[in-house]
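Report on the structure given below.
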Amino acid sequence: QVQLVESGGGLVQAGGSLRLSCAASGDSFSAYDMAWFRQAPGKEREFVARISRSGSTDYVDSVQGRFTISRDNSKNTVYLQMNSLKPEDTAIYSCAASTRWTTRWIRDYDYWGQGTQVTVSS
């Protein structure tokens, strides 16, 4: 099993940047596919980005070119660098992990963090 703790959220003006971190405790972090999801008020949780255990990445179209997901297996941490932030990026961002083969589907992921709030002002 793995426990996930996010950090790095906050309030930022449109056009600004934030870097989210997700620290994992437990065994074999390198064996997990990792992902970021977000949930805005009144909306369903949606996929943002994914990084596989082999390092391949995938992004939802709305963040492509602005967000970068990365991982440091030596630190058991996955990151989400968010640039050129927009008000519509405002949401609670959560990281997720799975040892199974994953896609963008929420149910592929077995472990979830509590989330960190990102608020982008216009």
Side-chain angles (χ1 to χ4, degrees):
Q1 290 197 358
V2 65
Q3 293 78 45
L4 305 173
V5 179
E6 302 94 338
S7 61
L11 174 64
V12 63
Q13 289 189 334
S17 298
L18 283 174
R19 188 177 81 155
L20 305 183
S21 299
C22 173
S25 60
D27 296 334
S28 305
F29 175 76
S30 61
Y32 288 83
D33 283 3
M34 302 296 296
W36 287 95
F37 289 78
R38 66 186 179 186
Q39 187 168 20
K43 295 188 177 181
E44 293 186 353
R45 184 176 287 179
E46 67 168 353
F47 169 82
V48 176
R50 167 186 169 275
I51 185 165
S52 73
R53 66 209 69 182
S54 66
S56 61
T57 59
D58 181 29
Y59 300 91
V60 68
D61 286 350
S62 61
V63 308
Q64 182 76 45
R66 299 189 297 123
F67 290 11
T68 302
I69 189 171
S70 62
R71 64 191 298 162
D72 186 338
N73 290 338
S74 68
K75 296 182 179 179
N76 285 9
T77 301
V78 63
Y79 304 99
L80 186 67
Q81 178 66 46
M82 305 186 296
N83 298 329
S84 302
L85 282 160
K86 304 175 181 180
E88 51 264 43
D89 295 318
T90 294
I92 296 174
Y93 285 71
S94 300
C95 67
S98 179
T99 57
R100 297 179 287 139
W101 176 260
T102 60
T103 64
R104 299 181 176 190
W105 198 36
I106 288 175
R107 292 187 179 183
D108 285 346
Y109 299 88
D110 302 309
Y111 306 101
W112 292 83
Q114 293 298 311
T116 185
Q117 177 71 48
V118 171
T119 303
V120 185
S121 62
S122 57

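What's counted below: heavy atoms across the whole structure, side chains too, no hydrogens, waters or symmetry copies.
Annotation for Tyr59 and Phe47: closest pair C-CE2, 3.9 Å, computed over non-hydrogen atoms. Minimum heavy-atom separation, Gly9 to Thr116: N-OG1, 3.2 Å. Across Ser94 and Gly115, no two heavy atoms sit closer than the pair OG-CA, 3.6 Å. Here the shortest heavy-atom pairing between Thr77 and Ser21 reads CG2-CB, 4.2 Å. The shortest non-hydrogen separation linking Pro87 to Ser122 is CG-CB, 3.9 Å. Residues Leu4 and Ala24 approach most closely at CD2-CB, 3.7 Å, considering heavy atoms.
Applying the disulfide bond (SG atoms under 2.5 Å apart) rule to pairs touching residues 19-122 yields Cys22-Cys95, sequence neighbours excluded. Residue pairs meeting the ring-ring contact (aromatic ring centres under 6.0 Å, His included) criterion with at least one partner in residues 1-25, sequence neighbours excluded, do not occur; the list is empty. Among residue pairs with one or both ends in residues 91-110, those qualifying as ring-ring contact (aromatic ring centres under 6.0 Å, His included) are Phe37-Tyr109; sequence neighbours excluded.
Clustering ILVMFWY residues whenever any of their side-chain heavy atoms sit less than 4.5 angstrom apart, transitively, puts Tyr79 in a cluster other than the one holding Val118. The hydrophobic cluster containing Val78 also contains Trp112, counting ILVMFWY residues as joined when their side-chain heavy atoms lie under 4.5 angstrom apart, directly or transitively. Residues Ile92 and Leu11 do not share a hydrophobic cluster, defined by chaining ILVMFWY side chains whose heavy atoms lie under 4.5 Å apart.
Here the straight-line distance linking atom CG of Asn83 with atom CG of Leu18 works out to 9.5 Å at 0.5 Å rounding. From Ser28, atom OG reaches atom CG of Asn76 across 9.0 Å, with rounding to the nearest 0.5 Å. The distance from atom CD of Glu88 to atom OG of Ser62, rounded to the nearest 0.5 Å, is 8.5 Å. Going from atom CZ of Arg66 over to atom CD of Gln81 covers 12.0 Å, rounded to the nearest 0.5 Å. Between the CG atom in Asn73 and the OH atom in Tyr32 there is a gap of 12.5 Å [rounded to 0.5 Å].
Panel note: side chain Arg50, backbone Thr102; a donor-acceptor pair is recorded below 3.5 Å. Of the possible donor and acceptor atoms, none in the side chain of Gln114 sits under 3.5 Å from a partner among the backbone N and O of Val5. Arg71 contributes a side-chain N or O that, together with a main-chain N or O of Phe29, makes up a donor-acceptor pair within less than 3.5 Å.
With Phe67 as the partner, the side-chain contact (heavy atoms from CB on, under 4.5 Å) test is satisfied by one option alone out of Val60, Thr57, Asp89: Asp89.
Inter-residue side-chain proximity for Glu6 and Trp36 is flagged as met; some heavy-atom pair is nearer than 4.5 Å. Looking only at side-chain heavy atoms (C-beta outward), Val2 and Met34 stay at 4.5 Å or farther from each other. Looking at Thr90 and Arg38, their side chains never come closer than 4.5 Å, going by heavy atoms from C-beta outward. When side chains are defined from C-beta on, Met82 does not count as touching Val12, because their heavy atoms never get closer than 4.5 Å.
Listed by chain and residue number, Asp110 satisfy the side-chain hydrogen bond (donor to acceptor under 3.5 Å, both in side chains) test with Arg100 (two or more places apart in sequence, or in another chain). Remark: Ser25 engages Gln3 in a side-chain hydrogen bond (donor to acceptor under 3.5 Å, both in side chains) (not counting sequence neighbours). The side-chain hydrogen bond (donor to acceptor under 3.5 Å, both in side chains) search around Thr103 returns Asp108, not counting sequence neighbours.
Side chain to side chain, Ser52 and Asp33 fail the donor-acceptor criterion of an N or O pair below 3.5 Å.
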